[in-house]
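Below is one structure, written out as structure tokens, with a few remarks after it.
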Amino acid sequence: MRNLLRSLTALALVSSGLVVALSLPASASSKVVTCFKLEKNVVHTQKFHGTCGAGWSKKRPKPAPVADDSVETPGSASLTETGSTLLYPLWNIWAPAYQSEFSQVSVTTGGTGSGTGIADAASGTVNIGSSDAYLSSTQLTSTPNLLNIPLAISYQIIEYNIPGVTAHLKLSGTILSQIYQGSITNWNDSAIAAVNPGVTLPNLKIVALHRSDGSGDTFIFSQYLADSDPTWASKYNYGTTISWPSITNELGENGNGGMVSGCQATSGCIAYVGISYLNSVLSDGDTYAQLENGNGQYEMPTSTTVAAEAAGFTSKTPASGTISMIDGKINGGYPIVNYEYAIVNKSQSSTTTAKAIRSLLEWAIDPSYGQSSQYLGQVRFEPLPVKIVTQSYKQIKSIQ
Amino acid sequence: MGDEIASSGMTLPVSDPTRRAFGLRRVGSFLRGSEESAWRWSARVASLIPLVGLVFVLTVLAIKAWPAIKVNGPGFLTRSAWSPGSTYGAPVRTDGVLHPVGSSYGAWPLIAGTLQTSAIALIVALPISLGTAFALTERLPPWLARPISFFVEILAGIPSVIIGLWGVLTLGPFLADHVYPFISNNMPNVPLLRYFKGNVGYGEGLLTSGLVLGLMIVPIIASTARDLFLQVPPLPKEGAEALGMTEAEVARRVTIPWVRSGLIGATVLGLGRALGETIAIAMITGSILGKVAPNVYGTMTTIAATIVSQLDSAATDGTGFAISTLAEAGLVLAVISIVVNILARVIVNRTSQHLAPVGRG
Amino acid sequence: MATVTNSYPSTRSRRVREHFFRGMSLVALIFVIGPSIWLIADVVIRAAPHWQWSVLTTVPSGVGGGLENAILGTLVIMVGVLIIAGTIGVLTGIHFAELQQPRRNGKAGGNFLRMATDVMAGFPSIVLGYVGYVALCVGLHWGFSLLPALIVLSIMVTPYISKSTESALRQVPTNYREGAEALGMSTGYALRKVVIKSALPGIVTGLLIALAIAVGETAPLLYTAGITNNLPSTSLIHQPIAYLTYYVWTDYNQPIKATQYLSFDAALILIVLVLILLVSSRLLVNRTQRYAEGRR
């Protein structure tokens, strides 16, 4: 017994020593300063050692207001965010940038999935939930104070792994629906070849990948299929999880990352992936498709096409932000575009927390701060149209 | 740890009076003071805690699962389709429970997947564990056995998420490229073995999951087996050898029967771990809901893996029905686990003629 | 007259079986050693090329950063589980061992308790985690924090500790107990001074292996501990805490490489931590064994 006590004391001493040793460097004061620069009405942030570089200043500049938005200065608070794995990389970019301006707020991000994000925001376990899908009527009935606030615009690509094919294949919603239902099983099927003259498609089995976890990507992809194919709409409908038709060659993957790595490992695969994973897709040697929009045009997923689609839906977006920008009849618009939402409870437990949340979200939707390309560009998202910024701002202001 | 003669395994008449003396001691100690009862009572209370924990977990599960049990009915265990229904439409009420239109859940592929992977895991783990235990106790010299048994402890300690990572990124592709095609091509086309032929897939599936799961339960069975084998008294073994039995026969006819109940206990512990393994399996099975694997390489899912991968999407069902169904699936798994444990106890009670005289000395 | 052959054993089939047995037991060893080495080598190969020592001293920020919050969080969780599950598990093991043989007539309760412990030993971790979330984090309004995580992990790990304690106590020969009895010691005193001392190596090994299991768990912590970028705070509730397995599970297929490397770094640190636990259990066992055998 004495020996056990001795050993346990030694273990405790060692671990407390480790704790002290590791926390010492972190608490040492750094000589790094955060400096700002206003360029083209966008605020850039950068850290310098000692003093700011030329053209940079320690004082936070006030950009000219583009939309109805102003960022409040919060008190000291600790915020938590979790949810969509699609928004997770963006939050990881936003959070330190926001904190360098408002160091009194600490922001923790998480990537547990849209469903958990919504559920946790509803129960108050986290302050901000992220979701690629808007709230359903049932969710709104059970938690009436929930808001879904558009934060950014994201879109989805259909990637495939066909050895030897580097062209961007033209695919339509009908073709995709048939692939996922098992009626088209091979890449050299006549339906695919018909819309892709000039591309030699090999005799390769199609392996259809879908998300096995609940996902906003499944939500918008299944909406696209439901819009294009009435059979799909009646049999499988759309949602964050659906009952996928049972076909011979299919795989379920966890997360966008799982979709990308699964497709890279599987010859002949086809998968739906969020745009922020484009770099991973390309570095794996895979490529993506052009999709048919509501007007029958085949569009590549680019900044222009996505902005066109978003612009076409701007007038139709209600004040609550609840809309899908899928398969619109918009000239030159890419058909799978969606808002990324922050799910927040209108009534917060404390005014300090509410102010901090408002401040963070206002910063995020401000064209001069969070919506600037230095952040969104890293994940290839598109900024919100001005009218939507105003609508989101109104929603944010209602958080008390 | 006890001397040779004393651990001969003979029934010592001294034990009975000893136990009686302890009983008297118990009465006497009541007079001796609170130190004695403090020990006993704290030990007694502590031993109740796992039971309290189990009852608590089962109760919470049952409460959460009740709405789904009412609506899904007994068909839950035999249906195959897993369909959340129209979560974005208006919900309906059945039996007083709110749920989305078209929701229909069936857990048969999950149950089948759980049982299949656990069966493969046991088939793989038992020979390896027993072989390892024999190698460590009989074949290897002690100076070699100690560092090698360290590897067994490493396998026990490695986090399951890392094993899952390795299974998905390294082992699965390796097996799918080099081992499975060989098996698939060379298996005769006979009814039972046809299960081993067919589409080999890309490494994620039933066989890979079973193999990795087996690897994870080997340490549990092997370390217990090794400890048990060390406790078998040498006299019966030496006697058997003197009669002319080979090592293999000694192992089969003396050692294993001696510790049979302990081995069954260890196997059940390993089986329990296999049934409940969550994270590594979720990464390796391929997570296909709605059907049982068509061949041994096919993608499927287990109850635990389904819960972890569907929990997030179940949260989007605003009626709470999906989460209720997952709780029901968890309840099914808990029941399977309890039934396996009870069966093991019955087997032990029926088949062991005498209890392993552990601790006789 | 029987012919005495020079080879042993006399029949061919028995010889074959003997060699098969000897060979297979060594092959089984390969199946244990091989994958363990392969696993560890795989993690090291993935993590080593991008390793930076700053990972140990910085917190995650943005897409990359370090793992200091997770390392300290895991250590705090480890110590917490040691205290809670260690106490309960060892006491439970003592109780079962002192309850004599499991089949003994009389205590039907003994069988029941033992079965409950066995069932909890393999219980699916995600179910425990979710129950903890529902009952503790949401039900009792503790939110993501340390205490629900400790409770859930302790429930998971106590059966292993009690099993190893019980088996270690059973291995103590009754000689020792009888000797103590003859000298007039009470059961409790005999327990402390004689029995537990000689069972100590087994108990300590069980404790450290259970700690290694607790440190490697993901699913229960996902739903009870939450996640945070801050270092562990002193409060047991309302403050989420970080842990290493979160980063392995969440970050291994992130699109930005820096985040991926964080996941492999976390895996490497976890393996090092587990190795430290196992090696120290070996060293402690050697020391206590010498003590138990009387060579003080």
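Because the structure is a prediction, the values reported are computed rather than measured. Every chain is numbered from 1, with letters handed out A, B, ... down the list of sequences.
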Quick check on B/I128 against chain C: is it the side chain, the backbone, both or neither that has a heavy atom closer than 4.5 Å?
both
Let me know if B/L169 has heavy atoms under 4.5 Å from chain C in its side chain, its backbone, both or neither.
both
Who among B/P50, B/G265, B/A248 has the most heavy-atom pairs with chain C under 4.5 Å?
B/A248
Just how far is it from atom CD of B/E153 to atom CG of C/L208, taken to the nearest 0.5 Å?
10.0 Å
Chain C contacts, top residue of B/L326, B/I158, B/L311 (heavy-atom pairs, under 4.5 Å):
B/L311
Check each atom of B/L333 against the heavy atoms of chain C and say whether the ones under 4.5 Å are side chain, backbone, both or neither.
side chain
Given heavy-atom pairs under 4.5 angstrom as the criterion, report whether the side chain, backbone, both or neither of C/V279 touches chain B.
both
Just list the side-chain donor-acceptor pairs under 3.5 Å for residues 118-132 of chain C, sequence neighbours left out, or say none.
from	atom 1	to	atom 2	distance (Å)
C/D118	OD1	C/K163	NZ	2.6
C/D118	OD2	B/R345	NH2	2.9
C/S125	OG	B/T278	OG1	3.3

Give the member of B/T224, B/V45, B/L171, B/I342 that has the highest number of heavy-atom pairs under 4.5 Å with chain C.
B/I342
Please say whether more than 12 non-hydrogen atoms of neighbouring residues, nucleotides or ligands are located less than 6.0 Å from CZ in C/F21.
yes
I need the C/I155 CD1 to B/F56 CZ distance, nearest 0.5 Å.
7.5 Å
What is the distance from atom CD1 of C/I30 to atom OG1 of B/T132, rounded to the nearest 0.5 Å?
10.5 Å
Begin from the C-alpha positions of C/R170 and B/Q231 and carry the test side-chain contact (heavy atoms from CB on, under 4.5 Å) through to its verdict.
CA-CA 11 Å; C/R170 278 186 193 287; B/Q231 288 167 39; over 6 Å; no
B/L48 portion near chain C, given a 4.5 angstrom heavy-atom threshold:
both
If one checks every heavy atom of B/L269 against chain C at 4.5 Å, the contacting part turns out to be side chain
Is it the side chain or the backbone of B/L275 that comes within 4.5 Å of chain C heavy atoms, both, or neither?
neither
Interatomic spacing from OG in C/S167 to CG in B/L228 - rounded to 0.5 Å:
8.0 Å
Given a strict heavy-atom distance threshold of 4.5 Å, which part of B/V60 is in contact with chain C: side chain, backbone, both, or neither?
side chain
CZ of B/F134 to CG of C/L26: how many Å apart, nearest 0.5 Å?
13.0 Å
Only one of B/I163, B/L215, B/L211 forms a side chain to side chain contact (heavy atoms under 4.5 Å, CB included) with C/P35, so which one is it?
B/L215
Please look at B/A251 and chain C and tell me whether the side chain, the backbone, both or neither of the residue comes under 4.5 angstrom of a heavy atom of that chain.
side chain
Select one option (side chain, backbone, both, neither) describing which atoms of C/L278 are under 4.5 Å from chain B's heavy atoms.
both
Interface moiety of C/L39 toward chain B, non-hydrogen atoms closer than 4.5 Å:
both
Counting only non-hydrogen atoms closer than 4.5 Å, does C/F264 touch chain B with its backbone (N, CA, C, O), its side chain (CB onward), both, or neither?
side chain
Does any heavy atom of chain C fall under 4.5 Å from the side chain of B/V57, the backbone, both, or neither of them?
both
Heavy-atom distances under 4.5 Å only: say whether B/T137 touches chain C with side chain, backbone, both or neither.
neither
Is it the backbone or the side chain of B/L165 that comes under 4.5 Å from a heavy atom of chain C, or both, or neither?
side chain
Hydrogens and angles aside, do C/T92 and B/R44 bring a side-chain donor and acceptor to less than 3.5 Å of each other?
no
Here the gap from C/E217 atom CD to B/S160 atom OG, rounded to the nearest 0.5 Å, amounts to 5.5 Å
